[in-house]
K.L.:
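Could you have a look at this structure, given as structure tokens, before my questions?
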Amino acid sequence: MAAEQKNRADGTRRRFFAQLAGAAGSAALVSVGVSLYARQARALPPAALRPPGALGEERFLSACVRCGLCVRDCPYNTLKLAALGDSVATGTPYFMAREVPCEMCTDIPCVKACPTGALDHELKDIDQARMGLAVLVDQENCLNFLGLRCDVCYRVCPAIDKAITLERRHNERTGKHALLVPTVHSDACTGCGKCERSCVLEEPAIRVLPMRLARGEPGRHYRLGWIEKQKAGGALVPESLPMPTRRPEGAQ
Amino acid sequence: MNTTANALAGATRASSRHGLAAHKWLLMRRATQFAILALFLAGPLAGVWIVKGNLSSSLVLEVLPLTDPYLLLQSLAAGHVPYTTALLGASIVLGFYFLVGGRVFCAWVCPVNIVTDAAAWLRTRLGITAGRSPAPATRYWLLAGTLIGSFATGTILWEWVNPVSMLHRGLIFGAGLAWFIVAGIFLFDTLIAARGWCGHLCPVGAFYSLLGHVALPRVSAPRHAACDNCMDCYRVCPEPQVLRPALKGAAGSTPLILSPNCTNCGRCIDVCNKDVFRFTTRFDHRSECS
């Protein structure tokens, strides 16, 4: 009698633990699966730009609750929410410069709409936004580089003569004309994408790239002599340092 | 008196209620679900901006912020401290469901409920009994798993796959392939696990059930003495384990359904032909003899 009772209790206990293990195990499996999927799926394609004021991509995905309030307050329908199957993290806001660029509203309604801070409310001046950086990626097909006067990217730039300037160069092909080369300056370019949108080519020669792709990074130990000189208020080495004269072997 | 239990739930329904009245709470629930959806859709479809955003976070009449607290908890676990707007929005939602019962969200607001209710209905109609449900506690483990996963990956983890927000967001902003996830849940609930998603797996529902311990409105079974064991309520209840203590509890125990997993859907009230159940408050412990 007692043994039978004990057996029954054992069976119940065993069932209880089996069920517990099953529940915990399957939950762990799903959690790990979703985590792995999240790791892979969070890569943002280079053409997709985040709204102004967006935190860095890693932090953005910890902060954005995917509510779409920024999308709703964008007066130009620039922003959209990624649907499942788009290559952008599902439900997060983005825009494609070639389709609809950012119009750089001075009151920045999208940033104000963000309830969580995924779009940083510290951004008060849209000129300080850094959604990406325009890069003239194709110097072979850019009409200005061919010596023609297209200038469209320069003309449409909201920060004309600051974010994009036309730099004069000699036209080696004709030998007597100038090239006016569109040149982007990272200290003024907000990455709004108007240049990419309006490039007259079939595929734009100028594109807004995310910062991580658009910018190089000098070695941390690099020092630019002329800047160090300016900082120090004078040359750091004696102006006339006696240097040995080296000539090719046998030369006089 | 008709005391034989028929195969289909509701088949023994008393003649006292007919047609619409026999589905009073179901209809009210559907009306609420669609009304909430309509409020969200009125903006994008008709330009009437009463509510902006979606269930994850929204702004009502340009002043009242509402934010999903479970989502915000994952955001915190992922290492982000949200702005006051979102924290305030989450507090309002928390407070509301604390009063009315967390899983009221599941039965009266969540769009996936319509999908899983349809699946449960179809499963009953087709007489499918095959398949196996995961343990009901799986959802709590999954709730913990998503929080740990959010911490580990630094992202709001469940949002990568959450069918609740995907369906709701999909209806308002465009769904893409999210329909496949919804279809998957429908098939899972129909063919594999009875009430599998909402009752066993969904961590959103699990989170909201944690807010159900002091809910004021509760379903009670004051006329449990009249129960003729037809089992109709067990068949329609999305969380049938909550019924037993109220219906068949020891003499003198409360007839209230106090389990935090009761979604206050009222299906038992609709289906019972002995009028055993009714809505009341958690302070109403009265039982009637009949």
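All chains are named by letter (A, B, ...) in the order of the sequence lines, taking the proteins before the strands, and each is independently numbered beginning at 1.
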K.L.:
Are there residues of residues 105-113 of chain B whose heavy atoms fall under 4.5 Å of chain A's heavy atoms? If so, which?
P.N.:
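Under the 4.5 Å heavy-atom cut-off, nothing qualifies.
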K.L.:
Considering only heavy atoms and a distance below 4.5 Å, find which of Pro44(B), Gly43(B), Ser165(B) pairs most often with chain A.
P.N.:
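Most pairs with chain A among the choices: Pro44(B).
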K.L.:
Could you check whether atom CD of Gln19(A) has more than 12 heavy atoms from other residues, nucleotides or ligands sitting under 6.0 Å from it?
P.N.:
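No, not enclosed.
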K.L.:
Taking Gly25(A), Cys64(A), Cys67(A) one by one, which has the highest count of heavy-atom pairs under 4.5 Å against chain B?
P.N.:
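Looking at each option in turn, the highest pair count goes to Cys67(A).
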K.L.:
Tell me, with the steps shown, if Arg103(B) and Glu239(B) meet salt bridge (charged side-chain N to carboxylate O under 4.0 Å, His left out).
P.N.:
CA-CA 11 Å; Arg103(B) 294 212 60 196; Glu239(B) 302 276 350; 2.5 Å; yes
K.L.:
Between Ala83(A), Gly91(A), Gly117(A), which has the largest tally of heavy atom pairs under 4.5 Å with chain B?
P.N.:
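Of the candidates given, the most pairs with chain B belong to Gly117(A).
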K.L.:
What part of Trp158(B) gets within 4.5 angstrom of chain A, counting heavy atoms only: side chain, backbone, both, or neither?
P.N.:
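The side chain, not the backbone.
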K.L.:
Could you please state which residues from residues 51-68 of chain B sit under 4.5 angstrom from chain A, measuring non-hydrogen atom to non-hydrogen atom, sorted by number, or 'none'?
P.N.:
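So far as heavy atoms go, Lys52(B), Gly53(B), Asn54(B), Ser56(B), Ser57(B), Ser58(B), Leu59(B) are the residues that approach chain A to under 4.5 Å.
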K.L.:
Side chain, backbone, both or neither: which part of Leu76(B) has a non-hydrogen atom closer than 4.5 Å to chain A?
P.N.:
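No part of Leu76(B) comes within 4.5 Å of chain A.
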K.L.:
Could you tell me whether Arg244(B) sits above the aromatic face of Tyr234(B), with NZ or CZ closer than 6.0 angstrom to the six-membered ring centre and within 45 degrees of the axis?
P.N.:
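No, cation not above the ring by the 6.0 Å, 45° rule.
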K.L.:
With a 4.5 Å cut-off on heavy-atom pairs, point out which of Ile172(B), Ile148(B), Ile156(B) contacts chain A the most.
P.N.:
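Of the options given, most contacts go to Ile156(B).
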K.L.:
Which residue out of Ala28(A), Ser62(A), Cys114(A), Ala38(A) racks up the most heavy-atom pairs below 4.5 Å with chain B?
P.N.:
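The option with the most such pairs is Ser62(A).
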K.L.:
Relative to Trp160(B), does Arg66(A) satisfy both conditions: NZ or CZ under 6.0 angstrom from the six-membered ring centre, and within 45 degrees of the ring's axis?
P.N.:
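Because its charged atom sits under 6.0 Å from the ring centre and within 45° of the axis, Arg66(A) does stack over Trp160(B).
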K.L.:
May I ask you to name which of Asp73(A), Leu81(A), Leu84(A) has the most heavy-atom pairs under 4.5 Å with chain B?
P.N.:
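Top option by heavy-atom pairs under 4.5 Å: Leu84(A).
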K.L.:
Looking at Ala135(B), Ser75(B), Ala137(B), Gly176(B), which one has more heavy-atom pairs under 4.5 Å with chain A than the rest?
P.N.:
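When all of Ala135(B), Ser75(B), Ala137(B), Gly176(B) are compared, Ser75(B) has the most.
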K.L.:
Give a yes-or-no answer on whether the side chains of Tyr140(B) and Ser209(B) include a donor-acceptor pair shorter than 3.5 Å.
P.N.:
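Yes, Ser209(B) and Tyr140(B) have a side-chain donor paired with an acceptor closer than 3.5 Å.
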